[in-house]
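Lettering of chains follows the sequences in order, A, B, ..., and the numbering in each one begins at 1. Side chains are part of it too, since the values below use all heavy atoms of this structure and drop only hydrogens, waters and symmetry mates.
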There are 2 protein chains.
Amino acid sequence: MPKVVDHTERRRELAEAVWRVIARDGVAEISIRTVAAESGWSSGALRHYFATRDELLAFASELVIARATERIRRLDPPGSLREQVGAVLAQTMPLDAERHIESSIMFAFLALGLGDPALARVQRLHFSGMYDLCLHLARQLVPGGPEAVARRLHAVVDGLSVHVLAGHLSPEAAAAELDAYLDELAG
Amino acid sequence: MPKVVDHTERRRELAEAVWRVIARDGVAEISIRTVAAESGWSSGALRHYFATRDELLAFASELVIARATERIRRLDPPGSLREQVGAVLAQTMPLDAERHIESSIMFAFLALGLGDPALARVQRLHFSGMYDLCLHLARQLVPGGPEAVARRLHAVVDGLSVHVLAGHLSPEAAAAELDAYLDELAG
DNA sequence: CCGATTATCGCACGATCGTGTTATCAAGGA
DNA sequence: TCCTTGATAACACGATCGTGCGATAATCGG
């Protein structure tokens, strides 16, 4: 038997190189060669784990969503219910350096998805998951009819995220805005 | 004197070709050649009006924002104050086919701006303008302290727009959500 | 009608793109 | 130790990229 590597793990490693290229140089700089250079592997090796560029991008898009979803699912923040809700939602927004990179990547893929049905499908799953999270939080935070609250909360969170990514709001301003909204909901 | 064309007008015509390529094929398909083909001119002619590709994209980005801003500024919808506010904001969201295309273009440029400081600067002006519009509407709609209302309204509008663009919400659902929020503000 | 000037085209250049193909390397069972 | 087989590198191919450049067409003052 020859040398065998864990394909799943290697694909993750290569997807992370895609993320770093997007975060550093922008989504327009993605190519097989730039990702290969970023990962430290040859373009031929990259091809061994992804048949095409589109397959690489789809995997990188799915994985950044899965990672964020899993991270948020595992959260168990301390404090009151109101504080817990704020902490969970803060993890979905570009409020620190790491989350800013993550949001930029998701946002870049979202724009690619506007012209690529395969990517768009992945994106819709992400938004459904985030809505479900908002619905779960809304159920805990306010009594009765949580769907309307969840829809608006979802819009507020994503709107503020876009405003931070675009440089329109500072992370602090967005955090304050989210807190003010949650205070109104809870109070 | 030789033949002279209106450079400003020709640049607009070429920018509109950029928009059509983005709307039909996605932002990843923009190139000098695809835009030239879409516009019906040669790539050499295109170069006569834009020195570089980046200059073309920056102009197309600025123009789509300027066009939308001017269109909204000229709006004078009928009805009550509440109805007027709803009509103006609806024009900023992807709720019909034309606005959907316009929002897609802005969104695509926004993603490019994440990796291109020159484009990012244009985008910030757009968000400032949209915030000013929300501030103006908030002042009319609710008494006292309009800044907090404007910030949240701005986030709701852009959040709903993203959800429509991503296929997460139907245009009708987003319109209903906006209406519900405005009703709460006014009532 | 002519010359000056602008508009437009078409192509060439080097770079880079995605994707095959081929060869070499490495590792574990026979 | 050798052989099988997966891992990896290196390169070739055609296409397309942004851009520069020279030739031609079109236009109007003289």
Side-chain angles (χ1 to χ4, degrees), chain A residues 1-22 24-61 108-109 111-113 115-119, chain B residues 1-22 24-61 108-109 111-113 115-119:
Chain A
M1 289 285 286
K3 181 169 72 171
V4 171
V5 310
D6 183 339
H7 270 234
T8 301
E9 190 54 42
R10 178 61 53 83
R11 283 162 70 95
R12 284 184 191 164
E13 179 184 341
L14 295 172
E16 290 173 8
V18 174
W19 303 347
R20 289 196 297 275
V21 172
I22 293 179
R24 175 163 30 85
D25 303 324
V27 70
E29 294 299 316
I30 307 178
S31 76
I32 299 288
R33 286 169 175 85
T34 59
V35 172
E38 175 65 33
S39 70
W41 301 100
S42 70
S43 62
L46 214 150
R47 189 170 159 53
H48 206 71
Y49 298 94
F50 294 100
T52 66
R53 174 183 182 273
D54 286 350
E55 190 181 317
L56 168 63
L57 291 190
F59 183 81
S61 175
F109 278 125
L112 286 185
D116 184 335
L119 284 181
Chain B
M1 290 287 285
K3 180 170 73 171
V4 171
V5 310
D6 184 340
H7 270 233
T8 301
E9 190 53 43
R10 178 61 53 84
R11 284 162 69 95
R12 286 183 189 166
E13 180 183 340
L14 296 172
E16 289 174 8
V18 174
W19 303 347
R20 288 196 297 275
V21 172
I22 293 179
R24 176 163 29 85
D25 303 323
V27 71
E29 293 299 315
I30 307 179
S31 75
I32 298 290
R33 285 169 175 86
T34 59
V35 172
E38 175 65 33
S39 70
W41 300 100
S42 70
S43 62
L46 214 150
R47 186 166 162 54
H48 207 71
Y49 298 94
F50 295 99
T52 66
R53 174 183 181 274
D54 287 350
E55 189 180 318
L56 168 64
L57 291 191
F59 183 82
S61 175
F109 278 126
L112 286 186
D116 183 335
L119 284 180

Picking from C:dT8, D:dA7, D:dG18, the nucleotide nearest the side-chain atoms of A:H7 would be D:dA7
To the nearest angstrom, the CG-P distance between A:D54 and C:dC17 comes to 15 Å
CG (B:L57) and CG (B:D116) are apart, to the nearest 0.5 Å, by 8.0 Å
Note, B:R10 side chain near B:W41 side chain (heavy atom, < 4.5 Å): yes
With sequence neighbours left out, the residues meeting salt bridge (charged side-chain N to carboxylate O under 4.0 Å, His left out) with A:R33 are none
Whole-Å distance, B:K3 NZ to C:dT6 C1', equals 8 Å
Among the nucleotides D:dA7, D:dT8, C:dT19, whichever has the atom closest to the side chain of A:R33 is C:dT19
Closest to the side chain of B:T34, out of D:dT19, D:dC17, C:dT8, is D:dC17
One should read off an interatomic distance between A:S39 OG and A:E16 CD, to the nearest 0.5 angstrom, of 11.0 Å
Sorted by number, residues from residues 45-53 of chain A placing a heavy atom under 4.0 Å from DNA chain D are A:A45, A:H48, A:Y49
What I'd like to find out is whether the side chain of A:I22 reaches to under 4.5 Å of the side chain of A:V18, using heavy atoms alone.
yes
Review point. Base, sugar-phosphate alone, or nothing: which one does A:S31 contact when heavy atoms must sit under 4.0 Å apart?
Key: sugar-phosphate
To the nearest 0.5 Å, atom OG1 of A:T52 lies from atom CG of A:D54 at 5.0 Å
Whole-Å distance, B:D6 CG to C:dT8 P, equals 12 Å
B:L57 CG to D:dC17 P, in whole Å, measures 13 Å
Rounded to whole Å, CZ of A:R10 lies from C1' of D:dA9 at a distance of 13 Å
note: B:I32, atom CD1; D:dG18, atom P; distance rounded to Å ~ 5 Å
Taken in chain and number order and not counting sequence neighbours, the residues that satisfy salt bridge (charged side-chain N to carboxylate O under 4.0 Å, His left out) with B:R53 are none
Rounded to whole Å, the CH2-P distance (B:W41 to C:dT8) equals 5 Å
